[in-house]
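As the structure is a prediction and not an experimental result, all values here were calculated from the model. Lettering of chains follows the sequences in order, A, B, ..., and the numbering in each one begins at 1.
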Number of protein chains: 2
Amino acid sequence: MTRVTLQVIAETLAVSTATVSLALRDSPVVAAETKERVQRLAAELGYVYNRSAASLRTARTNMVAVGFHDITNPYFAEVLAAVEDAAMAAGRTILLATYGESLERQARVLRTLREYRPDGMILCVAAGTQKEDLAPLLASGIPLTQLSRETAGVDLDFVGSDDAAGVGLAIDHLVGLGHRRIAMICGMDSYSTGRARRRGYCEGLAAHGIPLDPALMFPAYGTRENGLAAIQAALALPDPPTAAVCFNDLAAFGAMNGLRHLGREAGRDFSIVGCDDVAEAAQWFPALTTVRNRQDEMGRLAAQMLAARIREPGLPTRRVLLEPLLMVRASTAPLRERRVATA
Amino acid sequence: MTRVTLQVIAETLAVSTATVSLALRDSPVVAAETKERVQRLAAELGYVYNRSAASLRTARTNMVAVGFHDITNPYFAEVLAAVEDAAMAAGRTILLATYGESLERQARVLRTLREYRPDGMILCVAAGTQKEDLAPLLASGIPLTQLSRETAGVDLDFVGSDDAAGVGLAIDHLVGLGHRRIAMICGMDSYSTGRARRRGYCEGLAAHGIPLDPALMFPAYGTRENGLAAIQAALALPDPPTAAVCFNDLAAFGAMNGLRHLGREAGRDFSIVGCDDVAEAAQWFPALTTVRNRQDEMGRLAAQMLAARIREPGLPTRRVLLEPLLMVRASTAPLRERRVATA
DNA sequence: GTGAAAGCGCTAACAT
DNA sequence: ATGTTAGCGCTTTCAC
């Protein structure tokens, strides 16, 4: 069984491969009757277009490479789904790779992705990524848009959310409820969202005249486990907080859980605000008050911005910050003085 | 700025492209000194291997196409992460596409994926997929392994979990706690996991001599929303259940939530068992008793089975069912007669 | 409206 | 140890 290529269709039909190629792409220049015959035979023989071959010729692959640090975090899974959807709608397929927070693995992965010659890339970089880490990519001039996390000093399209503003919303809400000792749980300085959210925290407190207490900040990656550990540490403090804003929902879930281990409950005798608004946030008990970061829109926008740049590489660079939205639910409550309940 | 290919390296160094090609792949046949020079110049010029070109020649792409119905469900996101990890470790990159439960979109997607000439495919098919839907793939002979959901009547590698056994474990557990009116929440007959889990439900009840009550089955896709709706319907029954096993964790979360809307609580006055054991299951309140389906192993195994078949296409077909494991946590409790509490 | 021919960048025989 | 040559399957001028 010989593999079926344009060649064999051309020969069987006694036309040229050029004609077959045109016919299969439904070119108006080919006679309707010829098109018809070609297309029928192609279907009959089970012809499958070979994109590698076409790419070699056209220098277009219709692939978008997506490099994410983590797709196990529901937030990024949701963003990825949106990217995939938008890309597919535009006729492009996703080439996917992940690297955790490893710069070394990220470097390897980015190189490999590049070898496939995607038409563009969408990246959410690993923590600690510097301008230099992206140098090969930058030099290659491949259309590139950064998503969620941005790298300092590079002139690239970027779509993320206004993280500082988002945390600001959370602080305003908590202060409005009477809280003044507010912890910041998780987030790190090694990636932009961590920095921005910390900034939002600091500025938010300042705006309300609340002095910053470094003891109330618990830097760590935003995971369930770290959220749990942080809340425990926070409540062990001599002068513990009465509320916390968390770097992301995962950390918030962990924190709410940790609270429970200590016989406390978010929304009753402690207040927790998350960040992201993943699908399960609304379903938790108590339902999580959190900052919505619009993963659908972020993914879709990233795909569209990339598409625009592929179409027109000379475009000025865009940096879009999605407006966050506070979703007030049940994990926050007015401050009430805790009665001393030491058994 | 002319693009750098083997050709230009060859010319600058006054050697042949064959030598350059060999040298870059670190072939032992090339003189060490030559290799050295070639590799240095390549690095200097920022040469990037062109896999499209290589693929055309070698008929290998080192891509694995992954077609999933949904990556927004944390279960599949976790499986995907495991697949990606294993594939990357074996030097392959993931080409990703999703299609929800749409057969029409699935058909398009599968065709597109095939055009990229991946070395193999890993598929979790859309609900309702029949043998005929996979016919083009089957005919093409591309290495293919099915994951989680299997299609009746096709002779393909498959890795999933022993879903019937898993639900059996859940039923045993609930019956052991004294429950006899046990609902089955979500799951549909249009995909194999739905069928298998329903079978596990029926057989589990039968094994304990409990008659099957069709009114206690609530077929639907396994989503949070459907789980919530189902539990409400279940509790509105004249003779309501005292426990439920859910098609998956998402449905279980929805059900626990629905319970709460009705003033009830899983693990106290109702028992809920999930299926999958996604990351948040252990963190829920109450922590979800659920059947662990080992997404890590499933993803890894799928990648490995596919790799084996790529290496040796003649291999006999394998069908592996992972042994499920019941994780007993806090959402289940001994049956106690409800005091009539109608206000 | 269709065909001939060249070439995208690489690898694999085969020759030297 | 290195070079020559052909060709993977497609698209694109350019002729006719």
Side-chain angles (χ1 to χ4, degrees), chain A residues 1-39 41-42 45-63 91 112 114-119 140 142, chain B residues 1-39 41-42 45-63 91 112 114-119 140 142:
Chain A
M1 154 196 165
T2 166
R3 57 195 336 134
V4 20
T5 65
L6 290 193
Q7 182 81 252
V8 337
I9 299 185
E11 279 166 11
T12 352
L13 256 32
V15 297
S16 72
T17 59
T19 301
V20 176
S21 173
L22 261 4
L24 287 177
R25 280 174 294 156
D26 214 31
S27 159
V29 78
V30 176
E33 200 245 349
T34 313
K35 265 203 286 211
E36 174 62 26
R37 288 169 57 216
V38 168
Q39 288 171 1
L41 183 61
L45 298 182
Y47 169 78
V48 177
Y49 185 57
N50 185 329
R51 288 185 186 247
S52 280
S55 295
L56 188 55
R57 179 67 232 232
T58 60
R60 268 259 181 287
T61 56
N62 290 303
M63 295 193 294
T112 301
R114 210 142 69 82
E115 296 179 345
Y116 285 100
R117 295 293 200 275
D119 294 341
S140 78
I142 180 175
Chain B
M1 155 196 166
T2 167
R3 55 195 335 131
V4 22
T5 66
L6 290 193
Q7 185 80 254
V8 336
I9 298 185
E11 279 165 10
T12 348
L13 257 32
V15 297
S16 73
T17 59
T19 301
V20 175
S21 173
L22 261 5
L24 287 177
R25 282 175 292 155
D26 214 29
S27 158
V29 80
V30 175
E33 199 247 347
T34 313
K35 268 204 285 212
E36 173 62 26
R37 288 170 56 217
V38 169
Q39 289 170 359
L41 183 61
L45 298 181
Y47 168 78
V48 176
Y49 185 58
N50 185 329
R51 289 184 188 248
S52 279
S55 296
L56 189 54
R57 179 67 233 229
T58 60
R60 268 257 181 289
T61 55
N62 290 304
M63 294 194 295
T112 301
R114 209 140 71 81
E115 296 178 346
Y116 285 100
R117 294 293 200 276
D119 293 341
S140 78
I142 181 176

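Taking the side-chain contact (heavy atoms from CB on, under 4.5 Å) definition, one finds that A/T112 meets it with A/Y116, B/R51, B/T93, sequence neighbours left out. Residues that satisfy the side-chain contact (heavy atoms from CB on, under 4.5 Å) test with B/R117, not counting sequence neighbours, are A/V48, A/N50, B/T61. Residues satisfying the side-chain hydrogen bond (donor to acceptor under 3.5 Å, both in side chains) test with A/T19, not counting sequence neighbours, are A/S16. By the side-chain hydrogen bond (donor to acceptor under 3.5 Å, both in side chains) test, B/T58 pairs with no residue at all, sequence neighbours left out.
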Anything under 3.5 Å between a protein N or O and an N or O of nucleotides 14-16 of chain C, put it in a table, one pair a line.
none

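Rounded to whole angstrom, the span from the CG atom of A/L13 across to the P atom of C/dT2 amounts to 11 Å. Distance, B/E11 CD to D/dT4 P: 12 Å, rounded to whole Å.
When every heavy atom of A/V20 is checked against every heavy atom of A/V15, the shortest pair comes out as CG2-CG2, 3.7 Å. Residues B/L56 and A/A53 approach most closely at CD1-CB, 3.5 Å, considering heavy atoms.
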Tabulate below the donor-acceptor pairs under 3.5 Å that side-chain atoms of residues 5-13 of chain B make, not counting sequence neighbours, or state none.
{"from": "B/T5", "atom 1": "OG1", "to": "B/Q7", "atom 2": "N", "distance (Å)": "3.2"}
{"from": "B/T12", "atom 1": "OG1", "to": "B/V8", "atom 2": "O", "distance (Å)": "2.3"}
{"from": "B/T12", "atom 1": "OG1", "to": "B/I9", "atom 2": "O", "distance (Å)": "3.4"}

List the atom pairs, donor and acceptor, that lie under 3.5 Å between side-chain atoms in residues 22-29 of chain B and the rest of the protein, sequence neighbours left out.
{"from": "B/R25", "atom 1": "NE", "to": "B/S21", "atom 2": "O", "distance (Å)": "3.3"}
{"from": "B/R25", "atom 1": "NH2", "to": "B/S21", "atom 2": "OG", "distance (Å)": "2.8"}
{"from": "B/D26", "atom 1": "OD1", "to": "B/Q39", "atom 2": "NE2", "distance (Å)": "3.4"}
{"from": "B/S27", "atom 1": "OG", "to": "B/V29", "atom 2": "N", "distance (Å)": "3.1"}

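Nucleic acid contact class of A/S55 (heavy atoms, under 4.0 Å, all strands): none. Nucleic acid contact class of B/A14 (heavy atoms, under 4.0 Å, all strands): sugar-phosphate only.
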Note to self: For a quick check, with a 4.0 angstrom heavy-atom cut-off, what is the B/S/- contact string for nucleotides 9-16 of chain D, read 5' to 3'?
What the structure shows: BBBB----
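Direction of the helix axis in the helix from C/dG1-D/dC16 to C/dT16-D/dA1 shifts by 30° between the two five-pair termini, rounded to 10°.
At least one side-chain nitrogen or oxygen of B/S16 sits closer than 4.0 Å to the OP1 or OP2 atom of D/dG3.
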